[in-house]
There are 2 protein chains.
Amino acid sequence: MSTYATSHLLGQVLSVDCPSREILEHLTTKWSVLVLRCLSEGVHRFSELKQRIEGVSEKMLAQTLKVLEKDGFLIRTVYPVVPPKVEYQLTILGAQAAEKMTMLTGWIERNLPEILENKQRVAK
Amino acid sequence: MSTYATSHLLGQVLSVDCPSREILEHLTTKWSVLVLRCLSEGVHRFSELKQRIEGVSEKMLAQTLKVLEKDGFLIRTVYPVVPPKVEYQLTILGAQAAEKMTMLTGWIERNLPEILENKQRVAK
DNA sequence: CAGAATCCAACTTGATACTG
DNA sequence: CAGTATCAAGTTGGATTCTG
């Protein structure tokens, strides 16, 4: 059963009121894309993510992780030890979403030379 | 030949200085994702895009199209007629990028019920 | 270690109005 | 039709400081 009133708008990213819009935006954030890419390779701690994702501030990383957790795309596990240890791992859905995103980042990485050359050409 | 100094960083989305970061961000913008999705279905005029992509302002649409054009992902064709007619179509690279993005939006659209249910569960 | 909280500058976005 | 210009307002983001 659907608990939302706009069920007729399901699956319509092009519709303003479709909930998929929000999900899409959460997944395609500057940092969420990179978080998903890292976590798709396995479980990571907060500090590991911070290190691997060059340029993230702790604030943005924490914020991004919160949103993805609330959306049900990742699980946050706190170990009751000192010093604190927190691990992040993708859920099934998160892994599926990450897979799609990784296809994009992978494509960009593989085709970057061609993309940049093409961009140069256009600039002229 | 590569015209950029950071060639050793090629294909490293996780690296701050890799040009792929910028490309990635241009492609994963709120509106660019939807523009790519529309154009992947074929050539569109400005007004058609504005209509189909609910919620875009003309400003944001124009801006998004400019960026994608500069990156070489789409071609803008102006017909010298009155009233003006401008068409937008993806380049080869643009189509490839759009394909990846469409896989994501498609996945979201298809799995939205499950995603939303899962999100509800997490909220508790 | 893993963050939360605060402050503030900078960029983004949305209406609105106007133009070739 | 296909934008551009402008301005107010909202949001983002980073640096810094602090804490269990």
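These values consider heavy atoms only, across backbone and side chains, with no hydrogens, waters or symmetry-generated copies. Source: prediction; values computed, not measured. Numbers restart at 1 for each chain; the letters A, B, ... are given by sequence-line order, proteins then strands.
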Nearest atoms (heavy-atom pairs only) where G55(A) meets V16(B): CA-CG1, 4.0 Å

Name the nucleic acid region contacted by Y79(A), choosing base, sugar-phosphate or nothing; use a 4.0 angstrom heavy-atom cut-off, strictly under. nothing

Among dT13(C), dG14(D), dG3(D), find the nucleotide with the atom closest to the side chain of M60(A). dG14(D)

Residue met sooner reading DNA chain D from 5', once P84(B) and K66(B) are mapped to nucleotides: P84(B)

Nearest-angstrom distance from the residue atom CD of E58(A) to C1' of dT6(C): 15 Å

Rounded to whole angstrom units, what separation is found between the CZ atom of R21(A) and the P atom of dT13(C)? 13 Å

Integer-rounded Å distance: dT12(C) P and L61(B) CG: 17 Å

Looking only at non-hydrogen atoms, find the nearest pair between F73(B) and L93(B) and report the distance. CD2-C, 4.0 Å

In whole angstroms, how far is the P atom of dC1(D) from the CD atom of E87(B)? 15 Å

Could you state the atom-to-atom distance from CG of L65(A) to P of dC1(C) in whole Å? 17 Å

Hey, any chance M103(B) and M101(A) share a hydrophobic cluster, counting ILVMFWY side chains that come within less than 4.5 Å of each other, even indirectly? no

Calculate the interatomic distance between K30(B) atom NZ and dT12(D) atom P; express it in whole Å. 10 Å

Rounded to whole Å, CD of E48(A) lies from P of dG3(C) at a distance of 12 Å

Can you tell me if Q51(A) has over 12 outside heavy atoms packed within less than 6.0 Å of its CD? no

Is any side-chain N or O of R45(B) closer than 4.0 Å to OP1 or OP2 of dC1(D)? no

Starting from C1' on dG3(C), measure out to NE2 on H44(A) and report it in whole angstrom. 18 Å

The residue among E54(B), R37(B), E109(B) that forms side chain to side chain contact (heavy atoms under 4.5 Å, CB included) with L14(A) is R37(B)

For dT13(C) and S57(B) - does any side-chain N or O of the residue sit under 4.0 Å from the phosphate oxygens OP1/OP2? no

Using heavy atoms to find the nearest nucleotide of DNA chain D for K59(A) and P83(A) separately, return the residue whose nucleotide is more 5′. K59(A)

Identify which nucleotide among dG14(C), dG14(D), dG3(D) has an atom closest to any side-chain atom of W31(B), counting heavy atoms from C-beta outward. dG14(C)

Counting heavy atoms from C-beta on, name the nucleotide in dG3(D), dG14(C), dA2(C) closest to the side chain of V86(A). dA2(C)

For Q63(B) and Y88(A), find the nucleotide of DNA chain C closest to each by heavy atoms; which residue's nucleotide sits nearer the 5' end? Y88(A)

Do the side-chain N or O atoms of R76(B) get closer than 4.0 angstrom to the phosphate oxygens (OP1, OP2) of dG3(D)? yes

